[in-house]
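Worth saying up front: this structure is predicted, and the values here are computed from it rather than measured. Computed over heavy atoms, backbone and side chain alike; hydrogens, waters and symmetry mates excluded.
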Amino acid sequence: MNTLAIIGLGPRGLYALEKLIQQLSVSEKKLHIISFEPEDDPGAGQVWRKQQSESNWANITVRALQDFQGRPEIAFKNNLIEPFPAFTDWINYNQNDSDPDIFPTRSKIGTYLNERYNSLKIQKLNDITFKLIKEKVTKVTYVNTKLHVITDNGNCSEVDDVLITIGHQSTKLSSQLKSWKQHASLKKDLHAFENSYPISQFNFLKRENDVTIGIRGFGLAMVDVMRALATEVFGKFEITNSDTLKTIYINNPDKKITIVPFSLDGMPLAPKPLNSVIDQLFQPSDKVLESLKIQIETVAKVNSDVSDFGFLTEPIAEISAKIFTNTKLKTKSHALNKEQIKNLVITWFNNENIEHELILDKKNSTYNLIKAFIEMASNRCAISLDYCIGQVWRHCQPTIYKSLSHSKLNNDLIKKIIDLDDRIKRYSYGPPIQSMQQMLALVDAKVLNLDFVKNPKIELCDEGWQLINSKDDSITTKSMINSVLDAPELLEIDTPLIKNLLHDDLIQPIHSELGIETDTYGIVQNSNETHPVSIALLGRLSKGSVIGVDAILECFGKRVEDWAINYVRNLN
């Protein structure tokens with residue numbers, strides 16, 4: 001009987017296990033499975049673990065999670081694996097389209113995932129043996145036609161095949177973070193944190209009566225940290241308008257906290273539309289999305305000589321222009337026709353810093369930009385072209401990701417497309433309106449200081465870190481938190497498993513700034529020609545071979561199904 005090791009049993013590993021059992025039930029083949037997961041909640045993994053702060057919100061609406069399908073009944077000879085409900089059925093979701101969208105906490109999704117795993121009861125299946133090892137894998141090596149999986153406890157398991165489904169991996173510290181860590185080590189009252197999570201690591205700060213904290217990064221992780229630090233002992237949020245989620249912050253008079261975020265460009269996130277009714281204004285039809293798929297694949301799947309991403313941006317610009325000029329959408333006034341709007345969108349794709357009356361002026365204060373984004377997301381003011389493009393892009397993303405994955409495009413062009421997608425994520429991956437309303441409330445309460453948000457000069461001093469803005473104003477913090485998520489650049493990853501696989505030539509990057517090269521079934525393409533190695537990889541570290549790897553729905557998608565079908569088909 002063959003032995004398969006699944007390294008990582010978070011959401012993607014869970015779905016791989018489900019689809020694997022499903023395929024085995026059809027083929028009636030036998031398999032021994034060993035899964036490695038160091039976290040306490042199999043199925044949830046690290047990001048979605050059950051025991052985490054309620055301030056950590058998922059960045060996807062429950063409405064969008066209606067696509068998160070349940071597990072059907074699996075008949076395995078004389079055994080039966082009961083079905084498990086879809087997420088929205090599990091939480092009894094019922095909402096009107098005009099109600100503000102609900103964003104679940106990460107712990108709620110983690111509870112669902114863990115219960116879904118526990119319901120599998122694989123041990124009862126006759127032709128499958130299953131073992132879960134709660135240890136972290138540090139090395140996979142090839143020994144005499146077998147793969148040896150070695151854990152941090154020094155245990156070794158001999159297997160025939162390996163599936164890697166690990167998520168985010170830490171990378172080498174930047175020179176800036178190294179200097180901060182060194183600086184903090186010199187004085188016990190200074191603190192420098194490499195990561196935003198777990199949020200519980202900041203609990204000691206709540207014992208302070210007057211604290212100033214710097215946060216490197218102005219994205220989604222920063223919002224979680226901001227919300228966690230500001231609530232509980234320092235104060236609380238109160239929604240004053242249930243229609244717009246307008247919020248105020250009530251300070252604890254005996255406590256004072258100042259949060260100082262900063263990033264290279266200082267640009268805020270754009271929240272997602274308030275509800276389904278507003279969101280549908282930006283939704284291309286199924287027919288339009290199918291046409292987009294054909295246009296992209298006509299180039300991406302057959303042509304390796306393309307030098308720019310016009311084949312992608314032009315059809316999306318056309319879709320954006322059509323939606324922007326739709327009379328149902330209340331936009332900024334203009335005298336441009338659809339073709340002129342399309343050309344402006346293409347220009348914006350190539351240079352987001354262009355100035356135009358239809359594009360939100362970056363020279364506005366950060367506070368006013370956030371306010372404008374909230375009003376647009378609530379459909380209470382005229383929509384700017386850039387906000388419209390971002391929401392249209394979000395609706396097109398599943399089509400884009402599917403059509404571009406495992407393409408024949410050259411790797412440099414793939415990198416450019418990924419960079420463009422990452423740039424637009426400020427709009428397409430935006431947070432809930434409520435998060436941005438909380439941000440404004442904290443500014444109004446003088447808790448969140450946005451005066452240093454755009455690329456401040458940072459100097460080390462005896463009191464901690466001094467931030468200096470373009471006006472020569474300064475502020476000093478005793479704690480610095482890095483909330484910038486490491487990119488999945490294979491050559492920069494600093495975890496033992498990946499470093500050892502690279503060292504042994506068992507994996508190779510698709511591009512120097514991207515992830516591992518895999519084929520359409522997730523099989524790793526390695527440069528070691530002396531022996532065939534059966535290693536597959538699904539998820540974040542395949543970025544480049546696959547476009548779009550981070551979302552929870554991607555963990556339960558066709559790529560995992562394709563791997564399972566192919567694996568069982570080739571199983572002896």
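- In the model, Trp48 has no side-chain atom that pairs as donor or acceptor with a side-chain atom of Asp41 under 3.5 Å.
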Test salt bridge (charged side-chain N to carboxylate O under 4.0 Å, His left out) on Arg49 and Glu39; report intermediate values, then the result.
CA-CA 8 Å; Arg49 62 190 180 278; Glu39 295 294 326; 5.1 Å; no
Where do Glu158 and Thr3 land on the side chain to side chain donor-acceptor pair (under 3.5 Å) test, with the steps shown first?
CA-CA 8 Å; Glu158 185 177 273; Thr3 301; over 6 Å; no
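- In summary, the side chains of Ser107 and Glu54 do present a donor paired with an acceptor at a separation below 3.5 Å, with no hydrogens or angles considered.
- Arg106 forms no cation-pi arrangement with Trp57, by the criterion of a distance under 6.0 Å to the ring centre and an angle within 45° of the ring axis.
- Side-chain contact between His32 and Leu4 is absent, with no heavy-atom pair separated by less than 4.5 Å.
- In terms of the salt bridge (Lys or Arg N to Asp or Glu O under 4.0 Å) criterion, residue partners of Lys206 (sequence neighbours excluded) are, by chain and number, Glu232.
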Between Asn566 and Asp562, is the side chain to side chain donor-acceptor pair (under 3.5 Å) condition met? List the steps.
CA-CA 6 Å; Asn566 182 67; Asp562 289 344; over 6 Å; no
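- Donor-acceptor pairing under 3.5 Å is lacking for the side chains of Asn59 and Tyr429.
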Just do the salt bridge (charged side-chain N to carboxylate O under 4.0 Å, His left out) check on Asp127 and Lys29 with the steps written out, would you?
CA-CA 7 Å; Asp127 291 341; Lys29 293 180 179 179; over 6 Å; no
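- By the 6.0 Å and 45° rule, Arg559 does not stack over the aromatic ring of Tyr521.
- No donor-acceptor contact under 3.5 angstrom links the side chains of Ser479 and Thr477, judged on distance only.
- Using modelled atom types, one finds no donor on one side chain facing an acceptor on the other under 3.5 Å when comparing Tyr197 with Asn56.
- Taking the ring centre of Tyr15 as origin, the terminal cationic atom of Arg116 falls outside the region bounded by 6.0 Å and 45° from the ring axis.
- The closest side-chain heavy-atom distance from Ser428 to Gln397 is below 4.5 Å.
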Salt bridge (charged side-chain N to carboxylate O under 4.0 Å, His left out) between Asp412 and Lys416: does it pass, once the steps are laid out?
CA-CA 6 Å; Asp412 287 336; Lys416 290 177 183 177; over 6 Å; no
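- Between the side chains of Arg216 and Ser263, no donor-acceptor pair of N or O atoms lies under 3.5 Å.
- Ring pair Phe204/Phe193 is tilted by interplanar angle, where 30° to 60° counts as tilted.
- No side-chain donor from either of Asn195 and Gln201 sits under 3.5 Å from a side-chain acceptor of the other.
- Between the side chains of Glu135 and Asn155, at least one donor N or O sits under 3.5 Å from an acceptor N or O.
- Side-chain contact between Val143 and Thr141: present, with at least one pair of heavy atoms (C-beta onward) separated by less than 4.5 Å.
- Ring pair Phe68/Phe556 is tilted by interplanar angle, where 30° to 60° counts as tilted.
- In Lys108, the NZ atom is not crowded: 12 or fewer heavy atoms of neighbouring residues, nucleotides or ligands sit closer than 6.0 Å.
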